[in-house]
Amino acid sequence: MQAIHDSVFSIRENVGLFHKKRKICNFTPRIRRVYRTEDESALLELEIQLGTSVHERVVRFEELASFDFESSFMGAICADDQGKPTQRLVVQYLRECLHENRAQQSAGLYITRGGWHEIAGTWCFVAGGTLLGQCGSNDVGLDPELKQRHLACGPEPLDTAESVEFLLRLFLQHSAVHIPTFAFTVVTALRSVLEQEGIPPVGVLYLDGPQGVGKTTVATDFCTLYDQSGRKADIFDASSSDSAILDALASARDRIVLLDDICNESDAADKRKRLALAAHSVRMAVNDTDRGRRRGWKTEQVRCRAGLVITGEFPLRSASELTRCIRIPIMSRMIGRSASDRMHASAALAGYLSWFAEHMTDERARLREEFDMFCRESAQRREERLQKSLWQLAWGFDSFLRFALEIRAIDSSCRDAMRELLDEILIDIFRETVALIEELWSADLRNLAEVIATGIAKRQLSVTRRRGCVCVPLQTLMMYLQAVSAGKICNERQVTAALRQQDLLCMDQTGKSTCKVQGQRMLRIYENKLKARKNHEFCN
């Protein structure tokens, strides 16, 4: 028996811990390391030697007194020879160890979340069990669950420059899909940086198109780049629950969560559930508010820390959802894919994040300056939220191109060409999204007054003015409404009923809302009520 402290405790190798020569457990507990968390809580990394086996466990300091050794380690006995519980004495021994060695131990950082962390004045990106960037000299501990995830670069490391070059060549195939999709991955990996700069990060990428075009393949090849236990991580389908998606969005910090296959279903009720899940998920990912999440008997407040990619067979159904998303339609089958695409995308992202960690100060200064300039130039422009999201894609991809140029994977002419190509793609995305928003807005009968007023103001709807009313044949009005709503408004009864409900029709004493003008029967709509609903001067 060898005394290890100036106390009543001693240990005997392969036998156990003794208190005043009385055996109190059949294992030897040791404190291997003391850690601190980001919220400055203390953690103890325990080593339990039980016979010839050695086990490790990380325990919060305040939970040490209630830590159950016997249930945590198979075969452990925390009692003396008479069967009297000795948990309190084992904890007392560990506390003495901690007090005796505290002066010699410098607490390292224990990380439970992925993404960006500042350690001893330097930055690193925690990509599962891998630290990318310079981490300083401080010891860093990683949560076991976090260690299970890793970027899908393959068992053999790929050359970063070759992977970047391969990826950029691949982008030229289906560039309108590949480039903004990977740019979203880059921006999501910078999400914590954007939040620290006070920039609300873009939250959702929506890939829509018919069945079989390759939406899921694109999302997994360029977005969900982490593996866990031999499988792709952070992927959910449309049968998932709101709580499961919320948990993933709160936990997958600076990573992407994929909600796959919001598809058409013959069962109308099931289709409504899928649409509702997509709509709820969009708001979870974009709204910068805390949400309650159940943890046993407790409710904790969490918020979204991840990017969300959704694949679906149809566009989203409301303008508010479209402005919260970057929508990329895929109308034709994606071809030319190889099994190595995902590994090259993962290796390229890993190289970029290591480079960004080294250039953090310069890149953040550039980000702040260029975002402020963009805000000054784009103030009061249409769909400002969508414009800011697209700007972030452009900035993130431009930062990736600076990295590619520095490692000589491309030259300056290639960089400039890729920049111009992305700008063209983002302009098209903006125009198509705005056009879809206008269709949805025009098809909503609650906006009927504004739609009619806009048509009159733009001379798209020909009317006759008479006694404070604008007069228009119902057939002419329907042709205009069908044109601006892309055929979504086609029911005359619904239109006239909506006009009556909104008190827009002028009724005569007999209750008629029409009159004959130049031999043609027309609806009479109050001009002053249209003006009140639409703050726009009509053209004379």
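For the residue pair His359 and Glu406, a side-chain donor N or O sits within less than 3.5 Å of a side-chain acceptor on the partner. Checked by atom type, the side-chain pair Ser192/Arg253 shows a donor-acceptor distance below 3.5 Å. At a cut-off of 3.5 Å, with distance as the only test, a side-chain donor of Thr323 or Arg385 sits close to an acceptor on the other residue. Judged by distance alone, the side chains of Glu363 and Ser399 do bring a donor and an acceptor atom under 3.5 Å apart.
A distance-only check finds a donor-acceptor pair linking the side chain of Thr86 to the backbone of Cys78 [under 3.5 Å]. Without hydrogens or angle criteria, His117 side chain to Arg113 main chain gives a donor-acceptor distance under 3.5 Å. A donor-acceptor pair under 3.5 Å is formed between the side chain of Thr122 and the backbone N or O of Ile119.
Residue Thr311 is tested with Thr217, Asp237, Asp260 for a side-chain hydrogen bond (donor to acceptor under 3.5 Å, both in side chains); the sole match is Asp260.
No more than 12 heavy atoms of other residues, nucleotides or ligands shown are found within 6.0 angstrom of CD on Glu369.
Val193 places a side-chain heavy atom less than 4.5 Å from the side chain of Leu367.
Ring geometry, Trp116 versus Phe125: the interplanar angle exceeds 60°, so the pair is classed perpendicular (tilted spans 30 to 60°). Using a 30° and 60° split on the angle between ring planes, Phe182 and Phe400 fall in the perpendicular class, above 60°.
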